[in-house]
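Naming convention: chains lettered A, B, ... in sequence-line order (proteins, then strands); numbering from 1 in each chain.
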2 protein chains.
Amino acid sequence: MAYAEQYIDKLRKSGLRPTKQRIKICEVLFDAEKTFHFTIKELVKIIENQANIKVSLATVYNTVHAFIRKGYLKEIPLNASQSYYDTNVTHHHHFFDEEENKLIDIHQDDVDEVNIKRTIPGKKIRSVEVIAKIVSDNQSQK
Amino acid sequence: MAYAEQYIDKLRKSGLRPTKQRIKICEVLFDAEKTFHFTIKELVKIIENQANIKVSLATVYNTVHAFIRKGYLKEIPLNASQSYYDTNVTHHHHFFDEEENKLIDIHQDDVDEVNIKRTIPGKKIRSVEVIAKIVSDNQSQK
DNA sequence: ATAATACATTATATTTATTCTAAACTATTG
DNA sequence: CAATAGTTTAGAATAAATATAATGTATTAT
């Protein structure tokens, strides 16, 4: 597996030793063809299906949070009963389909640069995220 | 109290009968000089302090959610351990101070119209929210 | 008015995501 | 190969949100 080095590197940089469990988490997160959204539960399920390694919830939480701190994963700002995470850490935005409870990426090129004219003294902007909530477009109803 | 009629109206339109408890909730939410952000717990505490009415958590949850459905309150899209709500239902955005866990309104005039070029077939955009996360601006650290 | 009915409130229990804990385990170092 | 530092895990603890069921209150029809 040629990816192992890259995963070990990511883990070390996140302050974590490269263990079996953590490398498995990396494989699921960073080996995918496309970036994707997930909840912790979904991630655990994917690991269980793909591997014959058992990884506990606690390990998954800890690893995911270490990656977020380091910027290898992003948390998606959504009010939901559970947190959604994103393996796409490039600057981009989201549609949230309120009827299907589904997130859809919006490439940053599809949104004009968000220009905020106001500043807060002593503070700087670290990130800007746009959430566009969408619903069915039934022309008939107002 | 000249406001009572207005509250009764809001409640009726939300499908709720105007009861003592619900009117008290309205007074706290809609009688303030300025709009504000709150969590359910904070709201309960304000009511307890302002009035000698006891209102249960369940009633507060139900009433707040009815108002959200009707558009009299907004939920702020933030990943936090508890939900934040806003009495400002006009179109506007937020700074979220990650160090102090504090929300700051950004008036819509302070953000250029967010133009999303992409559409999803059969769906229309219901709302667009911008969250700008801010942190201390210590020029010294990278 | 008052009985019957529909809706409200509340305390409490339940559910569920997340965090914490402590014991068992593994790898690394001296 | 013993000591130490860091890991994993199952299960406990926490806390927000929701559901429940008993009691209370308002409304309606008689």
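At least one side-chain heavy atom of Thr59(A) sits under 4.5 Å from a side-chain heavy atom of Ser56(A). The side-chain heavy atoms of Leu103(A) and Phe95(A), taken from C-beta on, include no pair separated by under 4.5 Å.
In terms of the ring-ring contact (aromatic ring centres under 6.0 Å, His included) criterion, residue partners of His94(B) (sequence neighbours excluded) are, by chain and number, His37(B), His92(B). Partners of His107(A) by ring-ring contact (aromatic ring centres under 6.0 Å, His included), not counting sequence neighbours: none found. With sequence neighbours left out, the side chain to side chain contact (heavy atoms under 4.5 Å, CB included) criterion links Leu57(A) to Ile40(A), Val44(A), Tyr61(A). Remark: Asp110(B) engages no residue in a salt bridge (charged side-chain N to carboxylate O under 4.0 Å, His left out) (not counting sequence neighbours).
Judged as a salt bridge (charged side-chain N to carboxylate O under 4.0 Å, His left out), not a single pair has a partner in residues 33-56 of chain A (not counting sequence neighbours). Sorted by first and then second residue, the pairs that involve residues 38-57 of chain B and meet ring pair (Phe, Tyr, Trp, His ring centres under 6.0 Å), not counting sequence neighbours, are Phe36(B)-Phe38(B), Phe38(B)-Tyr85(B). Residue pairs that meet the side-chain hydrogen bond (donor to acceptor under 3.5 Å, both in side chains) test with at least one member in residues 75-84 of chain B, sequence neighbours left out, are Glu75(B)-Ser83(B).
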Side-chain donor/acceptor pairs under 3.5 Å, residues 114-121 of chain B, sequence neighbours excluded:
| residue | atom | partner | partner atom | Å |
| --- | --- | --- | --- | --- |
| Asn115(B) | ND2 | Asp112(A) | OD2 | 3.1 |
| Lys117(B) | NZ | Asp109(A) | O | 3.3 |
| Lys117(B) | NZ | Asp112(A) | OD1 | 2.9 |
| Arg118(B) | NH1 | Asp105(A) | O | 2.5 |

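The aromatic rings of Phe67(A) and Phe30(A) sit perpendicular, their planes meeting at an angle over 60°, well past the 30° parallel limit.
The distance from atom NZ of Lys54(A) to atom C1' of dA10(D) is 9 Å, rounded to the nearest whole Å. Atom pair Asn62(B):CG and dT18(D):P shows a separation of 9 Å (rounding to whole Å applied).
Contact footprint of chain A on DNA chain C: nucleotides with an atom under 4.0 Å from a non-hydrogen protein atom, first to last in 5' to 3' order, dA17(C) to dC20(C).
Contacts between residues 15-24 of chain A and DNA chain D, counted as heavy-atom distances below 4.0 Å, involve Leu16(A), Arg17(A), Thr19(A), Gln21(A), Arg22(A).
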How is the base pairing of DNA chain D summarised as a dot-bracket string, given the Watson-Crick and G-U wobble criteria with both distances under 3.5 Å, [ ] for crossing and | for another strand?
||||||||||||||||||||||||||||||

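A single hydrophobic cluster is not seen to contain both Ile76(A) and Val89(A); linkage of ILVMFWY side chains at heavy-atom distances under 4.5 Å, directly or through other members, places them apart.
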Each nucleotide N or O in nucleotides 13-17 of chain D that has a protein N or O under 3.5 Å away: list the pair and distance.
| residue | atom | partner | partner atom | Å |
| --- | --- | --- | --- | --- |
| dA16(D) | OP2 | Lys41(B) | NZ | 3.1 |
| dA17(D) | OP1 | Ser83(B) | N | 3.0 |
| dA17(D) | OP1 | Ser83(B) | OG | 3.1 |
| dA17(D) | OP2 | Tyr61(B) | OH | 2.6 |
| dA17(D) | O5' | Tyr61(B) | OH | 3.4 |

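In this structure a side-chain-to-backbone donor-acceptor pair under 3.5 Å is present from Arg22(A) to Arg17(A).
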